[in-house]
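A, B, ... follow the sequence lines: proteins, then strands. Residue 1 opens every chain.
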Amino acid sequence: MSALTRQIFLPVRDYDLAATLASGQAFRWQARDGGWEGIIGPHWVRLQTRDGGIFAETAAPVADWTWLKNYLQTEADLGAVLKAFPDDEPMHAAVTHCRGLRLLRQDPWECLASFILSSTKQIVQIQQIVALLCERFGERVTTPPGRAAAFSFPDCAALALRSERELRDCRMGFRAPNLLRAAQMVARREIDLARLHTLSVAAARHELVRLPGVGPKIANCVLLFASGFQSAFPVDVWVMKALRELYFPRRRVGEKRIHQFAATHFGPHAGYAQQYLFHYMRTKK
DNA sequence: AGCCAGGCTAAAT
DNA sequence: ATTTAGCATGGC
């Protein structure tokens, strides 16, 4: 039916590729020659902002582009999301600072594994660890002629077979046993990542925190970035700082109260609000 | 050199 | 029930 092509144009307004791909939700994108290059599943992709949308190129011919639209969420109604944000100064400032920032819809296993690796690591370092992991244990994917080799994110079964030592050698330190055991649990289907989105947020979160190295913050990242729960609100050091400085200036407020505030103030798209605050905090000034 | 990084966990209060 | 140290590693 559908023709094989290596290019597609996705019409969309208000989509800031740079903010979206480099805001710490995904760790495999690189800016190059005015575009962004990365791997989605088994596909090497290059993305470029064009008038009225995003131009995408792959290395291998593609019949069905659903995977790309799904990943980028180009059909999401950003206007409706922004409209539902609380009508206050901090959110106005954050939205003004990075309008066009979007949430991706990532593969749950890649997202989970990446965020298990994220704890007390800077984003650059997470990117380095993930890159090593892919080179060593991922599958080779087709790249354009003359381009360096590229690799898919290793699936849970591939990592479940490795030794803790092999993972540790990717410079992930004390996170290695957590990643290994999580890979084994997912591979044995002790938890079904693909079905999390069919549960309630609370039930899905309860499932995730059974995994080693996964607490509330990382669980919320997976719920938000991979399972489509837009109410999930990961609170890391940056967001904690943003909430304190923007909403409770010159006051000492306990962490518990901040969490309570975060859980009630931001509405149905709280996760989106969180990403705006996170990116605003990290890139302003 | 010392501090901190998109935290989690077990042990100690 | 709440707080705290330890956990590897690398960048600044």
Side-chain angles (χ1 to χ4, degrees), chain A residues 18-29 94 97-98 101-104 106 108 110-133 135-136 162-183 185-186 191 205-227 229-230 232-246 252-260 262-263 266 270-285:
Chain A
T20 302
L21 300 177
S23 62
Q25 41 178 329
F27 302 98
R28 304 204 62 201
W29 291 96
H97 182 76
C98 45
L101 171 61
R102 301 278 188 142
L103 286 180
L104 301 168
Q106 302 179 56
E110 175 171 344
C111 184
L112 169 64
S114 299
F115 278 97
I116 286 176
L117 298 175
S118 76
S119 87
T120 53
K121 275 290 180 195
Q122 299 182 131
I123 290 178
V124 224
Q125 299 176 335
I126 302 166
Q127 290 168 336
Q128 290 167 356
I129 298 170
V130 168
L132 272 178
L133 203 60
E135 277 172 36
R136 295 185 182 177
R162 316 316 312 198
S163 66
E164 183 180 321
R165 181 69 220 181
E166 286 176 293
L167 297 188
R168 219 172 255 275
D169 286 344
C170 296
R171 304 175 194 169
M172 65 183 74
F174 63 86
R175 302 156 195 84
N178 292 338
L179 180 60
L180 181 56
R181 285 177 51 211
M185 288 176 69
V186 175
I191 175 174
R205 187 182 291 115
H206 190 74
E207 280 295 288
L208 282 167
V209 296
R210 296 195 301 122
L211 297 165
V214 180
K217 192 271 171 180
I218 289 172
N220 280 328
C221 286
V222 176
L223 293 173
L224 181 62
F225 301 140
S227 298
F229 288 103
Q230 300 230 331
F233 196 101
V235 180
D236 71 331
V237 291
W238 286 97
V239 173
M240 182 59 74
K241 191 161 131 71
L243 295 176
R244 281 218 164 97
E245 288 184 13
L246 299 174
R252 328 191 297 276
V253 182
E255 289 209 354
K256 183 160 183 185
R257 227 188 115 193
I258 301 276
H259 276 102
Q260 179 62 26
F266 293 97
Y272 244 105
Q274 174 274 158
Q275 198 63 16
Y276 271 83
L277 291 173
F278 177 75
H279 195 252
Y280 176 52
M281 208 59 192
R282 293 191 67 242
T283 55
K284 71 173 182 179
K285 285 182 272 192

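Mapping Gln128(A) and Ser119(A) onto DNA chain C by nearest heavy atom places Ser119(A) closer to the 5' end of the strand. Residues Phe278(A) and Val209(A) both approach DNA chain B. Their nearest nucleotides, taken by heavy-atom distance, put Phe278(A) toward the 5′ side. The nearest heavy atom of DNA chain C to Lys256(A) and to Val124(A) marks one nucleotide each, and the one closer to the 5' end goes with Lys256(A). Along DNA chain B, the nucleotide nearest Pro212(A) and the nucleotide nearest Trp238(A) are compared for position; the residue whose nucleotide lies closer to the 5' end is Trp238(A).
No contact: Ser114(A) has no heavy atom under 4.0 Å from any strand. Among the atoms of the strands shown, base atoms are found under 4.0 Å from some heavy atom of Gln274(A). Among the protein residues, Val235(A) comes within range of no part of the nucleic acid, since none of its heavy atoms lies under 4.0 Å from any strand. Among the heavy atoms of the strands lying under 4.0 Å from Thr120(A) is at least one base atom, whether or not backbone atoms are also near. When heavy atoms are screened at a 4.0 angstrom cut-off, Gly24(A) is found touching base atoms of the nucleic acid.
Distances shorter than 4.0 Å separate none of the side-chain N or O atoms of Arg175(A) from OP1 or OP2 on dA8(C).
In this structure, the side chain of Gln106(A) engages the main chain of Gln25(A) through a donor-acceptor pair within 3.5 Å. Of the possible donor and acceptor atoms, none in the side chain of Arg175(A) sits under 3.5 Å from a partner among the backbone N and O of Ser118(A). In this structure a side-chain-to-backbone donor-acceptor pair under 3.5 Å is missing from Glu207(A) to Ile191(A).
Here the C1' atom of nucleotide dT9(C) and the CD atom of Gln127(A) are 16 Å apart, to the nearest Å. Rounding to whole angstrom units, CG of residue Asn178(A) and C1' of dG6(C) are separated by 13 Å. The interatomic distance linking Leu208(A) (CG) with dG7(B) (C1') rounds to 15 Å, in whole Å. To the nearest angstrom, P of dC3(B) lies 18 Å from NZ of Lys121(A). Following rounding to the nearest Å, Phe174(A) (CZ) and dA5(B) (P) show an atom-to-atom distance of 13 Å. In this structure, the CG atom of Leu117(A) is 13 Å from the P atom of dC8(B), given to the nearest Å. Taking atom CD1 on Ile123(A) and atom P on dC4(B), their separation rounds to 18 Å, with Å as the unit. Summarising the geometry, the separation between CG on Leu179(A) and P on dT9(C) is reported as 15 Å, rounded to the nearest angstrom.
As rounded to the nearest Å, dG6(C) and dC3(B) have P atoms that lie 14 Å from one another. Rounded to a whole angstrom, the distance from the P atom of dC8(B) to that of dG10(C) is 22 Å. Remark: the separation of the C1' atoms in dT3(C) and dG6(B) is 22 Å, to the nearest Å.
For Gln125(A) and dG6(B), a side-chain-to-base donor-acceptor distance below 3.5 Å is absent, hydrogens and geometry of angles not being considered.
Across all strands shown, dT4(C) is found opposite dA10(B) as a Watson-Crick or G-U wobble partner, with both distances under 3.5 Å.
Within the 4.5 Å cutoff, no side-chain heavy atoms of Gln128(A) are placed close to those of Leu132(A).
When distances are taken from the side chain of Arg171(A) to each of dG6(B), dG7(B), dG10(C), the shortest belongs to dG10(C).
Summarising the geometry, atom CZ belonging to Arg28(A) is positioned 14.0 Å from atom CD1 belonging to Ile126(A); distances are rounded to the nearest 0.5 Å.
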> Stepwise, does the ring-ring contact (aromatic ring centres under 6.0 Å, His included) test hold for Phe266(A) with Tyr276(A)?
Replying inline: CA-CA 12 Å; Phe266(A) 293 97; Tyr276(A) 271 83; over 10 Å; no
